[in-house]
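What follows is a set of notes on a single structure, which appears directly below.
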Amino acid sequence: MHWADVLAKKLAPKADHHVLATGITPSGPIHIGNMREVLTTDAVYRSLIKQGADAEFIYIADDYDHLRKVYPYLPKTYEQYVGQPISEIPCPCEKHDSYADHYLFAFLDSLEEIGVEPRVYRASEMYKTGVYRLAIETALEHTEDIKEIIERVSKRSLPKHWLPFNVKCEQCNRLTTTKPELYEYPFIEYSCECGHSGKCDIRKDGVGKLPWRVDWPARWKNLKVTFEPFGKDLGTTGGARETGEEIVEKIYDYSAPEFTMYEFILLKGKGAMHSSKGTALSANDMLQMTPPEVLRFLMMKNQPAKHITFDPGFGLLNLVDEYDQAERMYFGEEERIKGWKDLDAIYELSQPGTIPTSLPYQIPFRHLVTVVQIGESWEDIKNILYRTGQLPDTISTKDEKHLQKRKDHAEYWLNHFAPKAVRFTVQKKLPKIDFSDEEKKVLQEIASSADTISWTAENIHNLIYSIAENQSLSPKKAFTAVYKAILGEKRGPRAGFFLSNLDQSFVIKRFSEASS
RNA sequence: GGGCCUGUAGCUCAGCUAGGCAGAGCAUCUGGCUUUUAACCAGGUGGCCAAGGGUUCGAAUCCCUUCAGGCCCGCCA
């Protein structure tokens, strides 16, 4: 059974209505780990629905969280906003209403791209519309109990006047610099590092925020969350998960949600990703280079608890190939590999939209990677594919759209991540390179015999070989001449296949020029 | 110190959440194509499933112990 089905089956009988939550703070560019959390939740959600359970998928954007520091991608002027809620500080690009919106909208776009549509909640709105009011009052009533739980479970000590509420300073708008002096319902007297001291009425909305370890359990209660996965860092002993479980049960009288813990995604050759160390791959890059169904496939075929190594180099090609192969096996076009478990569930969960009813038209991604570098527009590329018989005369619009998207991904990959070895540029004019006499001779021969063959990969390949042999030249040298004339380099994609993708008369003309 | 994950062919890994013949890809070897763009096709070699113990008719799979490696433990996925 697929892991999502196992989790869903365990979860199903525990509630009549399930709320599956994912909570990601839009404090910076989303990265691929965020995608794992979302997709893990989505998989369990889909499985519950499939099993006939009543379930809903929500995303809580903690946009009331404070800015922790001036991240490397921010201007230095953001120093003044550190400590303030990210929904109340300016947008870095000035196009959105707030800093939080800037990253939140990008994230939501990415979610749409991979076929995930949760109901979105914003912490800032919940704090400002009173959703949290009761939770705040309850927490403050139980200050000593909460303090005891946190100190005992997490083994850290809290200050003497600690309250489970961070007051937002009226003067400087920061959540992190206020110190409570006295709490007497409904007022908290506080002083702030900015020099201001004041009185905060907790009955008013948006005057402060529960600290993370209390905010999380309060959220479970408020939104009736029954399932929420989290990263391994939060699963550690004494972590927020452990204190949260006890707080939600003892203080908020609500059962802690079920969960699964997921591992990090490592970048091949670089290990764990850290935004601060510049080893992170943004979700945007990942989505631009990887077709959405392939990205989902990567997550679905791995148990959440296993780490995933993502290789943005050649590994991406293998991954896409593997997906295509799984797709062929799913539709019975290829024999299933023994040991490939849960193929059907994995394939179905990998679909961002509806599950295809027949095999989508496939073109190997590797071929696309070559063709994309020859044609400039989609029309060019389509014509090449038609000419070489890689596209049937009639192709459904759906298949065409699918291929076109694959092409976009291939292009992005080529421009940003592909190893040099697979990149090339067809030179518009004859490269200014010297050709040896024997190279000229080979090119001359090819040019003059080329119109005697039909322009297919195999014929071209054979032609080059026979000409090289006639001139007792090593095939390798013949190939080098070809690449020099077309690409201005000594190497290139497989010659027969490559030249067959180019226009025959163009090749003849170029070879004639080079040999004259 | 605590927690989690991993250990299966030379390499990268499936298979472990239904206990029932040990599986792929790459590499290697053989044969084929005058064939290079990570070449391709057909076939073969290759494993005490980290070690030890337990449960079982039967264990890579479940349980216990040990060893080795990785990651996490202010915030972070």
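Chain A is the first sequence line, chain B the second, and so forth, proteins listed ahead of strands; every chain is numbered from 1. Computation of the quantities below employed the complete heavy-atom set of this structure, encompassing side-chain atoms and omitting hydrogens, waters and symmetry-equivalent molecules.
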Inset, instruction - Give a yes/no on whether any side-chain N or O of Y465(A) is located under 4.0 angstrom from OP1 or OP2 of U36(B). - result: yes
Legend entry - Nearest-angstrom distance, P atom, G58(B) to G3(B): 33 Å
Inset, instruction - Considering only atom P, compute the distance from C4(B) to C29(B) and round it to an integer number of Å. - result: 45 Å
Inset, instruction - Could you tell me the separation between the CG atom of D215(A) and the P atom of C75(B), rounded to a whole number of Å? - result: 13 Å
Inset, instruction - Write down the distance separating the P atoms in C63(B) and G19(B), rounded off to the nearest Å. - result: 12 Å
Inset, instruction - Find which nucleotide of RNA chain B each of K490(A) and D342(A) is nearest to by heavy atoms, and output the residue with the more 5' nucleotide. - result: D342(A)
Inset, instruction - Round to the nearest Å and state the distance from Q303(A) atom CD to C16(B) atom P. - result: 8 Å
Inset, instruction - Could you measure between the two P atoms, the one in G7(B) and the one in A14(B), and give it in whole Å? - result: 7 Å
Inset, instruction - Determine the interatomic distance between P on G31(B) and the same-named atom on U35(B); round to the nearest Å. - result: 14 Å
Legend entry - Length of the CG-P vector between L298(A) and A14(B), whole Å: 12 Å
Inset, instruction - Calculate the interatomic distance between K301(A) atom NZ and G23(B) atom P; express it in whole Å. - result: 20 Å
Inset, instruction - Would you confirm whether the ring centroid of F107(A) sits within less than 6.0 angstrom of the ring centroid of Y103(A)? - result: no
Inset, instruction - Please step through side chain to side chain contact (heavy atoms under 4.5 Å, CB included) for the pair Q84(A) and L67(A), ending with a clear verdict. - result: CA-CA 6 Å; Q84(A) 298 192 32; L67(A) 183 68; 6.0 Å; no
Inset, instruction - Taking atom C1' in both G44(B) and U6(B), compute the distance separating them and give it to the nearest angstrom. - result: 32 Å
Legend entry - Options U36(B), A38(B), U35(B), nucleotide nearest the side-chain atoms of N318(A): A38(B)
Inset, instruction - Take atom CD1 of I346(A) and atom P of A14(B), then tell me their distance rounded to the nearest Å. - result: 11 Å
Inset, instruction - Any salt bridge (charged side-chain N to carboxylate O under 4.0 Å, His left out) involving residues 18-47 of chain A? Give me the pairs, sequence neighbours left out, ordered by first then second residue. - result: D42(A)-R46(A), D42(A)-R296(A)
Legend entry - Nucleotide nearest H461(A) when distance is taken to its side chain, options A14(B), U35(B), A38(B): U35(B)
Legend entry - D321(A) CG to L316(A) CG distance, which is reported to the nearest 0.5 Å: 9.5 Å
Which atoms of nucleotides 3-6 of chain B (N or O only) lie under 3.5 Å from a protein N or O atom, and what are those distances?
residue: G3(B); atom: O4'; partner: T237(A); partner atom: OG1; Å: 3.1

Legend entry - Nearest-Å distance once atom C1' is located in both U17(B) and C62(B): 11 Å
Inset, instruction - Flag this pair as yes if the NZ/CZ of K484(A) is under 6.0 angstrom from the six-membered ring centre of F435(A) and inside a 45 degree cone about the axis; otherwise no. - result: yes
Legend entry - Options U35(B), A38(B), C75(B), nucleotide nearest the side-chain atoms of R366(A): A38(B)
Inset, instruction - On RNA chain B, check which nucleotide each of A495(A) and Y262(A) is closest to and give me the residue with the more 5' one. - result: A495(A)
Legend entry - Gap between atoms NE2 and C1', on H66(A) and G74(B) respectively (whole Å): 10 Å
Legend entry - Touch class at under 4.0 angstrom, heavy-atom based, for G239(A) against every strand present: nothing
Inset, instruction - Measure from the side chain of R68(A), starting at C-beta and using heavy atoms only, and say which of U36(B), C75(B), A38(B) lies closest. - result: C75(B)
Inset, instruction - Decide if the gap between the ring center of F479(A) and the ring center of H461(A) is smaller than 6.0 angstrom. - result: yes
Legend entry - Rounded distance (Å) that lies between atom P of U36(B) and atom CD1 of I460(A): 16 Å
Inset, instruction - Please work out which of the three classes, parallel, tilted or perpendicular, describes the rings of F57(A) and Y45(A), given edges at 30° and 60°. - result: tilted
Inset, instruction - Tell me what D5(A) touches on the nucleic acid: a base, only sugar-phosphate, or nothing, going by heavy atoms under 4.0 Å. - result: nothing
Inset, instruction - Indicate yes or no for a side-chain donor-acceptor contact from Y99(A) to the backbone of S27(A) under 3.5 Å, with no hydrogens or angles considered. - result: yes
Inset, instruction - Select base, sugar-phosphate, or nothing to describe what K476(A) touches, counting heavy atoms under 4.0 Å on all strands. - result: base
Inset, instruction - Mind checking L234(A) for me? I need base, sugar-phosphate or nothing, with any heavy atom below 4.0 Å counting as a touch. - result: sugar-phosphate
Legend entry - Secondary-structure stems, RNA chain B, at least 3 Watson-Crick or G-U base pairs under 3.5 Å: B:1-7 with B:67-73, B:10-13 with B:23-26, B:28-32 with B:40-44, B:50-54 with B:62-66
Inset, instruction - Keeping the roles fixed (side chain from R68(A), backbone from V82(A)), state whether a donor-acceptor pair exists under 3.5 Å. - result: no
Inset, instruction - Please assess F230(A) against F259(A) for the test ring pair (Phe, Tyr, Trp, His ring centres under 6.0 Å), listing each intermediate value before the final yes or no. - result: CA-CA 7 Å; F230(A) 52 86; F259(A) 62 91; 5.2 Å; yes
Legend entry - P-based separation of G69(B) from A24(B) [nearest Å]: 32 Å
Legend entry - Heavy-atom side-chain proximity of P180(A) to V167(A) below 4.5 angstrom: no
Inset, instruction - Return the value, rounded to whole Å, for the distance between atom CG of L319(A) and atom C1' of G25(B). - result: 14 Å
